[in-house]
Amino acid sequence: MILRGCIICTVGLLVVEFAFGDLSNDPVECPQPFCLCQKKSRGSAVCSGRSLHYIPRLPKYVYSVAFTNTSISFIETFGLFNLTFNQIERINFTGNLLLSIDKDAFRNLTFLDTLIISREPRLNLNSLKSSFMSLTRLKILVFDFAFNFWKSLPKDMFNNYHFSNVKSLFLEGNKFTYVNFTTFGTMTRLQGISLADNAISHISFTKLTSLTKLDMSSNLLPKVPTFCGRNNTSYFPNLKTLTLSHNNIGYLGPKSFRCLPRLSTLNLDYTKIGKLQDNVFAFLPSLQKLHLNSIGNPLKTIKQNAFNSSSLEILDLKGSNFHFNIKQRYDANQIFASCPNLKNLDLTENNMPSDDPTFRTIFRPLRKLEKLYLTKTKMLNLPTNVFTNMKLLHTLHLNENGITDWNDSCRIFGNMTSLKYLSLRHNRISVINETSFPEDILSRLEKLYLARNPFSCICDQMWFQNWIQKNGSILMEYPKEYSCGNPNNMRGILLKDYKPTEKMCNPWNPLYTMAIVMGIIFISFITIVFYRSKVSGQYQELYIFTTCIS
């Protein structure tokens, strides 16, 4: 009986194998209406809808499949069998009703390198951990477990299998309050970790030498974590990008960023840092990009050596509402003196000084600037002899200020031999004429933004109208965003529809005719008088000559 049962079992397996073998050679259509398939070089399929309860077969060309908002709850041992007929490289389960995954569910998916399981809060974590046993060894590269609202990870979450090839791990959008990096210790080639959008207030690091990108934004960290291990060795010696934005960090000191020798990008946007101390970033020898968008709310003080960094190239300080017009809060001579290699500076939504000398003092050290953003900085006038020293500057944004018409354009825009993009959008400029910009600047510009200014539709605008006809291709947003602001009877009319003529702007005045006639009469009178005096003189000379002969 036992032998007979074994024979029947073997025959049954052969029949099943034969049947599936035949099926694998049959052409398969996209299983509509459940799935939408796209045939590209690496085809994809998206299967969705609560009426879908199983994993269907897909066309041969599908390499990536996503199951979204279905009623799939249990993935049994052979639950993914229909996917083994494809060379599936990427599986995405998002917003389904997943409860458990069998430990052998991923067996025979030998091409799988990306596994996404997101918005599946009902999924049993232990069953997911067990299912990792069936993943192909040394193949998986990306794990994405975002927005599952997990409160914690088992310490051995990734220990059941040696994921030495995993390069990216996404865990954002959960509910972690504490994370111990020893959980990721088996991922010896891990390059990026995202722990954004959690509730992390405490964190413990362990050494991950391959890590290059760490995102801990939108958490509850009260301070910058310590990146130094024993004997001041770095936990992440190759980390290049660190994101700590949207945390409760309120203080930075000179030792806050030690032991990060290769960090090139640091993001502290929307943190509570109200004061930038001296040498805060001086221990980051490779720092190139520093993002301080909307810090402090507002940022109140900047010490003279706060930006001490010879490697720094990009500084984003927009939205911090810092008062450069209050001299007690910073040192205008020194604020940028210790970062002379800065190429890109964004001071949008800060308060710039109103006097030209302070303006010049602030920017004097920045001779290598290539991009400068001064949008919404409450500037009322264009400063003189500031931009003229920036010979490498190719992009200048002066949008949404109160800038009106100006004189002496050579002292404002002169010598800017690299300028390509100039934006004065949404100011209070009324007239553009032949003296507004140096001629050589206009000939080099590739894009000029003057939109949303209240242009005066008067004859003084005639030069600009003629210039537009010849050079309109560089004028951005024209004609829709260029309209008349005055006089009142022209308000709202597009600038292009105001067409002044020479006759209109230089009409013949009758007084001119009167002046010409009077001029002719005067000249005629002078001529007659001169002629008569000359003739009279000749007669007088003749009389004297005759008298002498007698």
Side-chain angles (χ1 to χ4, degrees), residues 116-121 125 142-155 157-158 166 168-185 187 190-208 211-229 234-236 238-253 255-260 263-276 280-281 284 287 289-299 316-320:
I116 302 172
I117 298 177
S118 66
R119 302 189 185 278
E120 303 286 358
L125 263 178
V142 178
F143 276 144
D144 187 342
F145 304 134
F147 295 96
N148 291 306
F149 306 107
W150 299 337
K151 293 184 178 180
S152 62
L153 285 175
K155 292 182 180 179
M157 181 71 183
F158 304 104
V166 173
S168 299
L169 177 62
F170 298 92
L171 291 165
E172 65 264 25
N174 287 289
K175 292 186 176 182
F176 303 140
T177 58
Y178 169 75
V179 174
N180 192 327
F181 270 53
T182 56
T183 305
F184 317 126
M187 301 177 179
L190 191 61
Q191 296 178 4
I193 298 178
S194 176
L195 289 162
D197 292 295
N198 279 279
I200 299 170
S201 58
H202 297 87
I203 197 160
S204 296
F205 291 140
T206 192
K207 195 160 189 175
L208 294 174
L211 196 67
T212 61
K213 186 175 182 179
L214 176 59
D215 186 351
M216 292 188 293
S217 60
S218 299
N219 278 286
L220 301 176
L221 291 172
K223 62 180 182 178
V224 177
T226 300
F227 297 97
C228 295
S234 176
Y235 285 122
F236 313 126
N238 292 301
L239 192 68
K240 294 182 179 179
T241 301
L242 174 62
T243 304
L244 295 170
S245 58
H246 293 274
N247 272 282
N248 293 334
I249 299 169
Y251 171 81
L252 295 179
K255 296 183 179 181
S256 293
F257 297 104
R258 294 168 63 244
C259 301
L260 294 172
L263 192 73
S264 60
T265 301
L266 175 60
N267 190 323
L268 292 163
D269 293 347
Y270 295 93
T271 51
K272 298 182 179 180
I273 302 161
K275 182 178 182 179
L276 289 173
V280 176
F281 311 106
L284 296 171
L287 185 64
K289 300 177 184 179
L290 178 58
H291 298 276
L292 300 171
N293 185 356
S294 301
I295 65 169
N297 195 31
L299 176 62
D316 177 2
L317 199 63
K318 66 175 175 283
S320 295

Take Leu239 and Leu214 through the test side-chain contact (heavy atoms from CB on, under 4.5 Å) and record every step on the way to the result. CA-CA 8 Å; Leu239 192 68; Leu214 176 59; 3.9 Å; yes

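- Within 6.0 Å of the CG atom in Asn297, the count of heavy atoms belonging to other residues, nucleotides or ligands does not exceed 12.
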Go through the steps to decide whether Leu276 and Leu292 satisfy the test side-chain contact (heavy atoms from CB on, under 4.5 Å), and finish with yes or no. CA-CA 10 Å; Leu276 289 173; Leu292 300 171; 4.1 Å; yes

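- Between Ser168 atom OG and Gln191 atom CD the span is 6.5 Å, to the nearest 0.5 Å.
- Across all non-hydrogen atoms, the minimal contact from Met216 to Leu242 is CE-CD1, 4.4 Å.
- Looking at heavy atoms from C-beta onward, Leu266 lies in side-chain contact with Leu287 at the 4.5 angstrom threshold.
- With hydrogens and angles left out, the side-chain atoms of Ser204 and Tyr178 include a donor and acceptor closer than 3.5 Å.
- When Asn219, Asp269, Asn267, Val224 are each tested for a side chain to side chain contact (heavy atoms under 4.5 Å, CB included) with Leu244, only one passes: Val224.
- Considering only heavy atoms from C-beta on, Trp150 comes within 4.5 Å of Phe176 through its side chain.
- When side chains are defined from C-beta on, Met187 counts as touching Phe158, because their heavy atoms get closer than 4.5 Å.
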I would like to know whether Val166 and Val142 meet side-chain contact (heavy atoms from CB on, under 4.5 Å); could you show each step before the answer? CA-CA 6 Å; Val166 173; Val142 178; over 6 Å; no

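- The aromatic rings of His246 and Tyr270 lie parallel to each other, their planes meeting at an angle below 30°, with 60° marking the opposite boundary.
- Considering CG of Leu220 and OG1 of Thr177, their distance stands at 9.0 Å, rounded to 0.5 Å.
- The CZ atom of Phe257 lies 6.0 Å from the CZ atom of Phe281; values are rounded to the nearest 0.5 Å.
- Of all the heavy atoms in Leu208 and Phe184, the pair that sits closest is CD2-O, 3.9 Å.
- Between Ile117 and Asp144, every side-chain heavy-atom pair lies at or beyond the 4.5 Å cut-off.
- Two residues are said to be in side-chain contact when any heavy atoms from C-beta on lie closer than 4.5 Å; Lys223 and Leu252 fail this criterion.
- At least one donor-acceptor pair under 3.5 Å links the side chain of Asn174 to the backbone N or O of Phe145.
- For the atom pair OG (Ser194) and CG (Leu169), the distance works out to 8.5 Å, reported to the nearest 0.5 Å.
- Rounded to the nearest 0.5 angstrom, Leu190 CG and Ile193 CD1 are separated by 4.5 Å.
- Using bins of under 30°, 30° to 60° and over 60° for the plane-to-plane angle, the ring pair Phe205/Phe181 lands in the perpendicular bin.
- Ser264 contributes a side-chain N or O that, together with a main-chain N or O of Lys240, makes up a donor-acceptor pair within less than 3.5 Å.
- Between Glu172 and Asp215, every side-chain heavy-atom pair lies at or beyond the 4.5 Å cut-off.
- Without hydrogens or angle criteria, Thr243 side chain to Ser245 main chain gives no donor-acceptor distance under 3.5 Å.
- In this structure, Ser234 and Cys259 approach most closely via the heavy-atom pair OG-O, 2.6 Å.
- The closest side-chain heavy-atom distance from Leu317 to Leu299 is below 4.5 Å.
- Side chain of Asn198 to backbone of Leu171: a donor-acceptor contact under 3.5 angstrom is found.
- Under the 3.5 Å distance criterion, the side-chain polar atoms of Asn148 are matched with a main-chain donor or acceptor of Glu120.
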Before you tell me yes or no, could you show the steps for Thr265 and His291 under side-chain contact (heavy atoms from CB on, under 4.5 Å), namely the whole-Å CA-CA distance, both residues' side-chain angles and the distance that decides it to 0.1 Å? CA-CA 8 Å; Thr265 301; His291 298 276; 4.1 Å; yes

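- Taking the six-membered ring for Trp, Phe149 and Phe147 have ring centres at least 6.0 Å apart.
- The shortest heavy-atom contact between Ser320 and Ser294 is OG-N, 3.5 Å.
- Looking only at side-chain heavy atoms (C-beta outward), Thr212 and Thr241 stay at 4.5 Å or farther from each other.
- Distance check: Ile200 CD1 to Ser218 OG gives 11.0 Å after rounding to the nearest 0.5 Å.
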